[in-house]
Amino acid sequence: ATQGTIQEGGTLATAVDAIAKAHRDPKARAAAALALVQNEVRYLYNGLANGNYVPQAPEETWTLRYGDCKAKTLLLLAVLDRLGIAAQPTLVHSTFGDALPERLPTLGAFDHVIVQTSIDAMAYWLDGTTAGTHIEDLADVPPFRYVLPLAAAGSELVALPVREPARPDIRVNIAYDQSAGTALPPLFNLSFTVRGELASRLATLKEQSTPEQLREMAQGALGNFVNDRQIHTRSIDVDPAKGTATINASGIGNLRWIRDEPRPYLALDGLIGDFQIEADRTRAAWRTVPLSGGMSNTIVQSLNLKLPKQGGFTLEGDAQADMMIAGFSLRRQASLTGDTLDKTETVWASGSELPAEKLPAARAQIAAAKQREFRLRAPEAYPTRVEEIAAAKKEKRLGPLLTAYQKAIDDDPDSARGYLNRAVFNIGIFEPKAAVADLTKAIEQEPGAESYRRRAGLYAAIGDFKSALADVEEALALNPGDEASMAQKAFLLAEANRFDEAIAIADEQMAASKEKRGWIGVKAEALGKAGRASEGAAILTEALAERPGDPGLLNNLCWLKGTRSFELESALKDCTRAIELTDHSSAVLDSRALVYFRLGRLDEARADLDAALKVSPGMPASLFMRGIVRLRSNDREGAEKDLALARLQNARIDAEYAEYGIKP
């Protein structure tokens, strides 16, 4: 009972009367009353007095400025009563509300109490123990499933309605700028907005966190939205008027364009792509168990993507979608205007339970929806990744990206992360010297075997085999016995004409390893470089006797014969057999093209190179050889284009093929 619980002339009465004076609308008054209880009184559980059933008086709660759910509920009831809004307490269970109808009627079936009221025929359930409830969120239905109103006349359990919240719990807006090219990482600006209790926590975090803590929190919270790439700027904005808090971030992202089809595409089916029903019903006793709807929540994610100005991009699949599957509402609105894509997706988890007998139909709905995957498709004859990077470098479109990477380094100068990320970028745009410089800085900050091994590969790419060998030794000192580093060392020793040492490593590894195939290939290649190609062919042939039909060994044998120019007719058979047996044919087609070239069968060599580049469009070896075949066929323009793309990726490719006696 609330009558007389607020003392006339006291500070509580003054606070309530101020609400009445400021608001005439009952809903606005209710929202202000709830904010008063949530914001001015801390929650503190009291399980001692009167068997934990009798709350402290509202005036005491207001004076102490703390109370448990009973105290906060009675205070809120008293405030609403003074504001002329009828309300009543309502018992709930905070975690097992859906089980209430199955339980015996006992006070122990409940562990929480909230306030229920009705304004303009709309029911509201107000919880004074939460935080950050805004007037727009007042009609949101709490996740308790069933409630027991405490009325003098008594009441049965009441099922809470299923009602979509007026505002999303989480809103994510991501603006990507990929105008430099789809082969390059996009710049992004991201905002992550929350409301309610989470907004209150973020507001506290803003006041208390150090820049380092904010950096780690932003990377952890937002990294998944941008495929865990680097954030270089972040902030938290709090809007008390809207009851929201927003994490803002800028950085370098990663959009995964799929290039295994003639026209590259970007999968944008966030709604359905990751949606699945996890319900194990394999045991007979489980087959009638319904699927829990979980917590009700709404997430809205908006994407704005600025594309290269080339034009011709198209949308595939459902640009507009509105589905309800297993209690989840999935909606999409997307449009492509000029070089800009806009997409908004909404996922509302209603929390509704799904009966067991409806599981098969729900799974069928998901499967059918996934057949209509939403994609952004590049135009016909779109440049390959290598062509796009070459054009971006020529047209000087990389400046904003390099600026962003420098910002990331400046943001956390004592961390290796920024240098490592820029090294990966420089490797991707075929700038090995710049990548070496970045890895050197990263190693100064955080020495690691992987960084040494990666830098060794870059040193080899620019022909500095002495430095490459030194780095591999460092990698092996940090990670002894690492097979990748051992293989790299054998390769580098062979490049340095230390053939016996390279062969010895391969022999040692073959003796110690259960899986010998890779090391057989390493040894055969070293023997070929040492002028002992026939010995290399012999050990490959011996290995094939034990593993007939192994496409990797067959390709190794074909390549060895082709590069060292012997037994070319049998090499053709080896390669053809490997092509028939492998699902990854580009490397073998490249090997067979080299053999055809040796035999003077240029048309067949060109056909294989075209086929290899159709599967792997940027493969430098195939581009280089196709350039040479084109020169022999008097196609100088096409040859120069292919050779330039090959040299862009591999500055030593002329020297490598000169070793085989092949020159443009």
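We use all heavy atoms of the structure for the numbers below, so side chains are in, but hydrogens, waters and symmetry mates are not.
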Can you check whether [Y]'s main-chain N or O pairs, donor with acceptor, with [X]'s side chain at less than 3.5 Å?
X	Y	result
Asp127	Thr129	yes
Gln320	Ala334	yes
Asp411	Lys407	no
Thr337	Thr340	no
Lys72	Gly67	no
Asp318	Ala321	no
Gln178	Leu184	yes
His112	Lys70	no
Thr117	Ala86	yes
Thr244	Pro240	no

I would like to know whether Gln276 and Glu278 meet side-chain hydrogen bond (donor to acceptor under 3.5 Å, both in side chains); could you show each step before the answer? CA-CA 6 Å; Gln276 58 184 342; Glu278 295 182 358; 3.3 Å; yes
Report the C-alpha separation of Leu75 and Val79 in whole Å, then their side-chain angles, then the decisive distance to 0.1 Å, and conclude whether the side-chain contact (heavy atoms from CB on, under 4.5 Å) test is met. CA-CA 6 Å; Leu75 173 61; Val79 172; 4.2 Å; yes
Summary of salt bridge (Lys or Arg N to Asp or Glu O under 4.0 Å) pairs that have at least one residue in [range], sequence neighbours excluded:
range	value
residues 186-197	Asp137-Arg195, Asp140-Arg195, Asp169-Arg195, Glu197-Arg201
residues 30-40	Glu40-Arg65
residues 85-99	none
residues 14-36	Asp17-Arg82

What distance separates [X] [atom1] from [Y] [atom2], expressed to the nearest 0.5 Å?
X	Y	atom1	atom2	answer
Leu420	Gln445	CG	CD	9.5 Å
Asp342	Gln333	CG	CD	11.5 Å
Leu76	Thr61	CG	OG1	11.5 Å
Leu80	Leu126	CG	CG	6.5 Å
Leu255	Leu305	CG	CG	6.0 Å
Thr95	Asp111	OG1	CG	6.0 Å

Take a 6.0 Å sphere around [atom1] of [X] and say whether it holds more than 12 heavy atoms from other residues, nucleotides or ligands.
X	atom1	value
Lys358	NZ	no
Phe313	CZ	yes
Lys242	NZ	no
Phe110	CZ	yes
Asp410	CG	yes

Would you mind checking if [Y] and [X] are paired as a salt bridge, meaning a charged N to carboxylate O distance below 4.0 Å?
X	Y	result
Glu431	Lys393	yes
Arg234	Glu216	no
Glu395	Arg397	yes
Arg377	Glu261	yes

Out of Leu266, Leu268, Asn304, which residue meets the side-chain contact (heavy atoms from CB on, under 4.5 Å) rule with Leu341?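 Testing Leu341 for a side-chain contact (heavy atoms from CB on, under 4.5 Å) against Leu266, Leu268, Asn304 leaves exactly one candidate, Leu268.
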Evaluation steps, side-chain contact (heavy atoms from CB on, under 4.5 Å), between Ile366 and Phe275: CA-CA 8 Å; Ile366 295 171; Phe275 186 69; 3.5 Å; yes
As a quick check of understanding, evaluate side-chain hydrogen bond (donor to acceptor under 3.5 Å, both in side chains) for Ser350 and Ser296, giving each step before the final call. CA-CA 5 Å; Ser350 70; Ser296 174; over 6 Å; no
Minimum heavy-atom distance Ile135-Ala28, with the two atoms named: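 Closest approach of Ile135 to Ala28: CD1-CA, 3.6 Å.
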Step-by-step side-chain contact (heavy atoms from CB on, under 4.5 Å) determination, Leu307 to Leu376: CA-CA 11 Å; Leu307 294 160; Leu376 175 64; 3.7 Å; yes
Decide yes or no for [X] and [Y]: does some side-chain heavy atom of the first lie under 4.5 Å from some side-chain heavy atom of the second?
X	Y	answer
Tyr419	Leu439	no
Ser250	Ile231	no
Leu100	Phe96	no
Glu353	Ser292	no
Leu91	Leu150	yes
Leu401	Pro185	yes
Ser118	Tyr124	no
Arg375	Leu315	no

Would Tyr43 and Tyr66 count as a close aromatic pair, with their ring centres under 6.0 Å?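 Judged by ring-centre distance (under 6.0 Å), Tyr43 and Tyr66 do not meet the cut-off.
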Please lay out, stage by stage, how Tyr382 and Glu388 fare under the test side-chain hydrogen bond (donor to acceptor under 3.5 Å, both in side chains). CA-CA 9 Å; Tyr382 194 76; Glu388 199 169 21; 2.5 Å; yes
Will you find, in the side chains of Thr298 and Glu164, an N or O donor that is under 3.5 Å from an N or O acceptor?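 No.
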Passing option when Glu345 is tested against Arg331, Arg332, Gln301 for side chain to side chain donor-acceptor pair (under 3.5 Å):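 The residue from Arg331, Arg332, Gln301 that satisfies side chain to side chain donor-acceptor pair (under 3.5 Å) with Glu345 turns out to be Arg332.
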Please collect all ring-ring contact (aromatic ring centres under 6.0 Å, His included) contacts where either partner lies in residues 182-208, sequence neighbours excluded, each pair once.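 Sorted pair list: Phe192-Phe225.
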What pairs with Tyr265 under ring-ring contact (aromatic ring centres under 6.0 Å, His included), at least two apart in sequence or on another chain?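 ring-ring contact (aromatic ring centres under 6.0 Å, His included) check on Tyr265 returns nothing, list empty.
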Verify side-chain contact (heavy atoms from CB on, under 4.5 Å) between Lys370 and Arg372, making sure each step is shown before the conclusion. CA-CA 5 Å; Lys370 288 188 176 184; Arg372 304 189 303 273; over 6 Å; no
